[in-house]
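For this chain, numbers begin at 1 and follow the sequence in order.
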Amino acid sequence: LANATQMPTSCTKVLDWLGVLRLEQYSNAFQSAGLATLWQCRNLTPDQLEQMGITLPGHQRRILASLNKTHYRDTQSDREKPVPKERTKFRTTAPMDCPSGPIMSPTLDTSLPPVPPRSTPNCPPQRFTSVLSPDPPPRTSVSPKLDRHEGSAPTRTPTHPSVQTQPQTLSIQPVTQHVVSDGGGKASPISPMASVSNDGHAPPLPPKVGGGPKGPPPIPHRFPAQAQRTLSSCCVYVVSQEIYSKGIISTAFITNVSSVGELKFEVATNNRTFIFRAESEAERNEWVTVLQDCTKGRHRRSAMNPGSPMTPDCQGYLELKGLRSKLYTIVVSDKVFLYKNIDDYRIGIGITLIEMNVGNIKETDRRSFDLTTPYRIFSFIAESEQMREQWVDAMRNAIGEALSNSEVAERIWAEPSNSFCADCGAPKPEWAAINLCVVVCKRCAGEHRGLGPSISKVRSLKMDRKVWTEELIQVFLLLGNEQVNGFWAANVPPSEALTPSSCSEERRRFITNKYRQGKYRKYHPLFGNQRELNNALCINVRCSDVLETLSLIFCGADVNCSTGMANWPSPLFLARGHSQPLQAELISHNLNTELPRLEIGGAMETEHYSAPTSVSHNGFLFKTASMARAVTERKGREEFSRRWCTLNDGTFSYYESDKNSNPNGALKASEIVCLAVDAREKHGYENTFELYSESERLYLFGTDDPCSHKEWVKSLAKSFIPASAEPLLRLSFERIGRLKCKDGLNLQTPKVGWFALVGSTLHAYLEDSKEEEIHLRKLNELSIQQDNEVLVLVEKGRTLYIEGERKLDFSGWCGAIQTAAGSGGDTLSQQQLTETDIPVIVHSCIGYITQCGLTSEGIYRKSGVNSRVAALCERFRRDARSLRLKEGEHQVDDVANTLKRFFRELEQGLFTSEDASSWLSTAAIQDESMKISQYQLLLNKLPHVNKATVQALINHLYCVQCCSEQNQMNLHNLAIVFGPTLFQTDGKDYAAGRAIEDLIQHYTEIFEVDEHQLKKQLEEISVIIESTEPGGHFICTVYLEEKKETAEQHVKIPGSMTAAELTCEVLDRRNIAVKDKEYWSCWEINEKEEMERPLHYQERVLSILHSFGTDSHVVIKKHFAMEAMIIYLTSRMDPSKHGIMKFKEERSILGLTTGNFHDRYFILNSSSLRMYKEIRVRLRDSNRPERDWPVKNLKIYLGIKKKLLTGKQGALYLCCDTQSEMREWFATFLSIQDGLQQTRVSRVMPDARHGNVSLIPLRGSENEMRNSVAAFSQDPLAVSHPTNHWD
């Protein structure tokens, strides 16, 4: 025990006291609270410490423990020594049923051995102290907050301490409550929670001693035996004068504690009752109170349950030499418990426990081993050599646990990258090289020791507690293995990288190369220039960039170089003088470090070092509480609080007011990943911005001053945007931050990029590349894939994949980019555009009418249905890129009127409001050549988007009037329709019509059209007109059974023709009689992809043909697997299926294919197809599938791809082991997809004459066939295919 004269007194100053506790960092907190001496601190509580900013539980316990010790000693010095009462004499005869025993002397036995040190949480073992020490053990009180953290029951501090010292016994567990009885010594009540003290300067108090059984020995009361598999978290010790107890009563089994008779109290369990006698009434009452507090409100926890705080590490019978009997032994945490047998263990009655912090294990014989302590040697014999090894390992682990302290490890692991070894990636590393700033595993730490302390100073996170100062811990939290490896392992070849399973030789070679040779490090630009390196180090230690200091030191900077300043002669003094304790900590551990010896070849260009950019700004802002999700609602002014904010040295802090010295919160610039500038008046304050952190938190700040808002946004962005992306700061961005992305040339490793969103343009700076601009309104495709974790941007010749590291800021980026990519207003330039700068709505409408409406009579003159036109306009306005116009689904006149309405409602018009009159006046010029020249001048004067749109529209109208014989829309009629529309006039003046007529008539001259290109375009139109009859019929080549000239059949395809009707048409032309058991279907065949798909009998053939590529054609052939599929479906009661298939999702980007087949478990039901990684997950409904596809959205093809060249992007490939399995999946899938009833009590075999299958099996004559089609509509049996190709 520490000498009392060395302990602080009540008049000690707080600053000196905190220095003793090594908690100097809290001196400002105590000073702000007005606490200058220990006397003023005597009544501090955990809640008050929380309010002062002292939140770490270990620091709170250390402070409270020290205060209680000081207060206890002061109060003890003022008290008179208590006079013991005259000893009570008892009768000498004992009851007949109980053996008599000697009465222990109350005097102190001076022959007792020294008290063993005790293991307490987060404290190293204490030195031995003699029991003859005159100083009483210090008292420790436990606050309610400590109880919550440690899980202990609340206790009551005794009010009558004794000055007599008794031998200590060992606690069952670091965080436990104890009550101990000694058969001899005088009672010395203490706090039963003393053992939970985390004070690192004084050992914990011994448990309460005294009040052993007096007079008659305990009389056990028999109760029905009730086995309890419970290991106590608190114990009553029944001890003699020896170090190790004679008995343990688990408080987990105590059912009642009560006073009985004079000075007696009884402790009852379910199986036995123990009676104890105290020296005084007050002491007896105190024992009762303490025991009741120990057992009150606790919940029994089974030690046998995995995950229990007291789950045994090893348990079983061991023979103890000397007793020649086997004892039931439990090794749990850092203790060993001995029980007479397993029944006693179950009822909580034990013999003793052994604290392993004073233990040592020695193997003696094949089955024997010794557990050696300073007070006794326990010689155990195991049942076998194998069991001996298990016991030895368990007890050695317990010793390590007793000597370890996990507080530092847990804090270091709070930085995610520190949870994995910096060298091999093994999880939960427990060692660190404190000068190299890396956290490593045990195996790598052994190789680090081989380098020698001059290169790597290896320390344990759990056992070397004194090394881990608060500053050193903060250095490791600030840097982390990921950032440090950015320096040490910047150039590791994949072939040399370590894994957790690497052998010792590989580790030794890698670690030597990495740290002794510096082979993989990232060389500083000043490498090789000693003078500049030293100068850079002296500059950098004045700021907080510790990583830069690490890089400078291990690239050759001299940590002992002269600074040229008398007050700060070295970088270490310079760092301390500029209040940079972390810099000083790093330098202090590298004063004698041997630097890496590997040199790089070639001369390096000399560079001069400039200090990192330091941004400073301060002022008042209004802040809401930080949030873990995006802001979706308007925040009123009442939800904001006024805060004084500062940005200094890479840290953004906010305070209650400008008078406070302790910030309410802080955010390091390195933790900011995104800054978003909100639209004006989005919230209660006119100007607001959002900060997103790596910890998935959102901070909203606002102000009414636009100048202050602009300055804050500029300063904050400058603080976290690197110099390589500094040009982004000159933009008027709406959102700026860090994202990861991949492009078509590098799909394996994502690049870190810095992005800024400005209007509809996304500016990006990727690694080692120049600035890129992505025009979002010109994208070919914009989609979110893989469970909202990848944003896909497809532009001409390139696909960019933006990945989300954090959901919060990535969801904000997705929403902002999608909004920016949509139509931003009613002007032409704000529309979604094609690559040629034509609005997507104009391009889509023109393309659809060219394909389907050139021969439609009165095109653009006839009106469409107003409701459908309005709906189309709205869909185009929301997202024109996602709308695909399809024949049959959209009417030609509706699309034509949508195009006209767009131009009529266009803000500023197609020809711009300021130049429209010039266009109209030009139409009145009589000289044709002068008129054309003037039109060309006006055309070149238009904005780029307007000019491109005018040319595209006039080109389309020129093509329409070329088909005037069919559509009756000649040059004049088109001018009448489009003149008032494009110039937005009332139509009373024909000047607008005349201008449009001139543009169409002189189209080739005004727009300087290439005649060859125009001729080619007109030829394509003529092909469309020739192959399409006035009724909308399309001439199509259909093949019978296979694609060859002799099997060709040219068929007129009306818009209403179905697959069943086309099949009948072809078979009737070839006079083919359908035999029994034959099923004929219409198939879509894709030669390039080597896949095929049977059409549903009700599918419209014309729309399928229009969607064909050049590699597809239609074949009428037999479906040989139909009969087997019908039988399979008939035998199934439930239209669902599950099983294992091989899966691959193939993408083709710039001609490169990606993806491999993997086994996956699939479940197909009425609504979706779900994919799982493992089979067992389906047994738990709570498991989320890896992927999930709606059944209705899937289009299925059969076939096996022999070549994987340019598969369709987004295609899914499934492979079955057998043909029969594939047929079953196929049938189930289409039966669900085509709308069969979900539940069936029975299934009837289909009529052989009709074959009621939705893939239109054909039988008999045409009349029978058409009857079967009618039958299908009544009870369709949808059969389909799971195949290798799902699109």
* Which atom names give the shortest non-hydrogen contact between Cys674 and Asp809, and what distance separates them? -> CB-CB, 4.2 Å
* Contact summary for Arg697 and Leu808, nearest pair of heavy atoms -> C-CD2, 3.8 Å
* Asked: Mind checking what makes side-chain contact (heavy atoms from CB on, under 4.5 Å) contact with Leu791, not counting sequence neighbours?
  -> Leu782, Ile784, Leu793, Ile802, Phe810, Cys814, Ile817
* More than 12 heavy atoms of other groups within 6.0 Å of Glu633 CD -> no
* So, the side chain of Gln936 versus the backbone of Phe1007: is there a donor-acceptor pair under 3.5 Å, distance only? -> no
* Asked: Sequence neighbours excluded, which residues qualify as salt bridge (charged side-chain N to carboxylate O under 4.0 Å, His left out) partners of Glu482?
  -> none
* Asked: Quick one: do the Tyr520 and Glu496 side chains pair a donor with an acceptor below 3.5 Å?
  -> yes
* In chain order, what residues pass the ring-ring contact (aromatic ring centres under 6.0 Å, His included) check against Phe554, with sequence neighbours excluded? -> Trp488
* To do: Run the numbers on Leu779 and Ile774 for side chain to side chain contact (heavy atoms under 4.5 Å, CB included), then give the verdict.
  => CA-CA 8 Å; Leu779 294 176; Ile774 303 171; 4.0 Å; yes
* Ile672 and Ser693: CA distance, side-chain angles, deciding distance, side chain to side chain contact (heavy atoms under 4.5 Å, CB included) verdict -> CA-CA 5 Å; Ile672 301 175; Ser693 71; 6.0 Å; no
* Asked: Does the side chain of Glu548 come under 3.5 Å of the side chain of Ser551 through a donor N or O and an acceptor N or O?
  -> no
* Structure fact -> Minimal heavy-atom distance between His709 and Thr688, with the atoms involved, is NE2-O, 3.2 Å
* **Asn481-Ser417 side chain donor-acceptor pair, cut-off 3.5 Å** => no
* To do: Consider only side-chain N and O atoms of Asn540 and Thr549, and report whether a donor and an acceptor are under 3.5 Å apart.
  => yes
* Asked: Are the side chains of Glu690 and Leu675 in touch, meaning some heavy atoms are under 4.5 Å apart?
  -> no
* Beyond-backbone contact of Gln831 with Phe876, side-chain heavy atoms, under 4.5 angstrom -> no
Please list, one pair per line, the donor and acceptor atoms closer than 3.5 Å that link side chains of residues 944-951 to other protein atoms, with sequence neighbours excluded.
from: His944; atom 1: NE2; to: Asp837; atom 2: OD2; distance (Å): 2.6
from: Asn946; atom 1: ND2; to: Leu910; atom 2: O; distance (Å): 2.9
from: Lys947; atom 1: NZ; to: Asn940; atom 2: OD1; distance (Å): 3.0
from: Thr949; atom 1: OG1; to: Val945; atom 2: O; distance (Å): 2.7

* To do: Check the surroundings of atom NE2 in His683: do more than 12 heavy atoms from other residues, nucleotides or ligands lie under 6.0 Å from it?
  => yes
* Ring centres under 6.0 angstrom apart (Phe652, Phe701) -> yes
* Structure fact -> On a heavy-atom basis, the closest approach of Gly528 and Leu533 is N-CD1, 4.3 Å
* To do: Take Leu479 and Val438 through the test side chain to side chain contact (heavy atoms under 4.5 Å, CB included) and record every step on the way to the result.
  => CA-CA 9 Å; Leu479 296 179; Val438 292; over 6 Å; no
* Asked: Heavy atoms, side chains only, cut-off 4.5 Å: are Tyr765 and Val752 in contact?
  -> no
* To do: For Lys623, enumerate each residue passing the salt bridge (charged side-chain N to carboxylate O under 4.0 Å, His left out) test, keeping only those at least two apart in sequence or located in another chain.
  => none
* Asked: Nearest 0.5 Å, what's the CG-OG distance between Leu621 and Ser708?
  -> 5.5 Å
* Asked: Under 6.0 Å from the NZ atom of Lys522, do we count more than 12 heavy atoms belonging to anything else shown?
  -> no
* Measure across Phe720 and Trp754 and return the closest heavy-atom pair with its distance rounded to 0.1 Å. => O-CH2, 3.5 Å
* **Inter-residue atom distance Glu1008.CD - Asp1010.CG, 0.5 Å rounding** => 11.5 Å
* Asked: Just wondering, do Leu776 and Leu757 contact through their side chains at under 4.5 Å, heavy atoms?
  -> yes
* To do: Output all residues satisfying side-chain contact (heavy atoms from CB on, under 4.5 Å) with Thr624, sequence neighbours left out; order by chain, then residue number.
  => Met627, Phe640, Leu700
* Identify, with sequence neighbours excluded, every residue that meets ring-ring contact (aromatic ring centres under 6.0 Å, His included) alongside His617. => Trp712
* Is there side-chain contact between Leu953 and Phe903, with at least one heavy-atom pair below 4.5 Å? -> yes
* Just jot down the ring-ring contact (aromatic ring centres under 6.0 Å, His included) partners of His956, sequence neighbours excluded, or say none. => Tyr860
* Structure fact -> Hits for side-chain contact (heavy atoms from CB on, under 4.5 Å) against Lys710, two or more places apart or cross-chain, chain-then-number order -> none
* Asked: Should Met1171 and Asp1188 count as side-chain neighbours, where that means a heavy-atom distance under 4.5 Å?
  -> no
* State, yes or no, whether a side-chain contact exists between Cys845 and Ile841 at a heavy-atom distance under 4.5 Å. => yes
* Asked: Is Glu874 salt-bridged to Arg877, cutoff N-O under 4.0 Å?
  -> yes
For residues 729-738, dump all side-chain donor-acceptor pairs below 3.5 Å to protein atoms at least two apart in sequence or in another chain.
from: Glu734; atom 1: OE2; to: Gly759; atom 2: N; distance (Å): 3.0
from: Arg738; atom 1: NH2; to: Glu694; atom 2: OE2; distance (Å): 2.8

* To do: Would you indicate whether the side-chain heavy atoms of Lys778 and Gln832 approach each other to under 4.5 Å?
  => no
* To do: Give the C-alpha distance, both sets of side-chain angles, the deciding distance and a yes or no for side chain to side chain contact (heavy atoms under 4.5 Å, CB included) between Val840 and Thr834.
  => CA-CA 6 Å; Val840 175; Thr834 65; 4.3 Å; yes
* Which pair of non-hydrogen atoms, one from Ala666 and one from Thr651, has the smallest distance, and what is that distance? -> CB-CG2, 4.0 Å
* Tyr692: partners by ring-ring contact (aromatic ring centres under 6.0 Å, His included), with sequence neighbours left out -> none
* To do: Using distance alone, with no hydrogens and no angle criterion, decide if Thr912 and Glu914 have a side-chain donor and acceptor under 3.5 Å apart.
  => no
* Who passes side-chain hydrogen bond (donor to acceptor under 3.5 Å, both in side chains) against Arg878, sequence neighbours left out? -> none
* Inter-residue atom distance Leu498.CG - Lys514.NZ, 0.5 Å rounding -> 8.0 Å
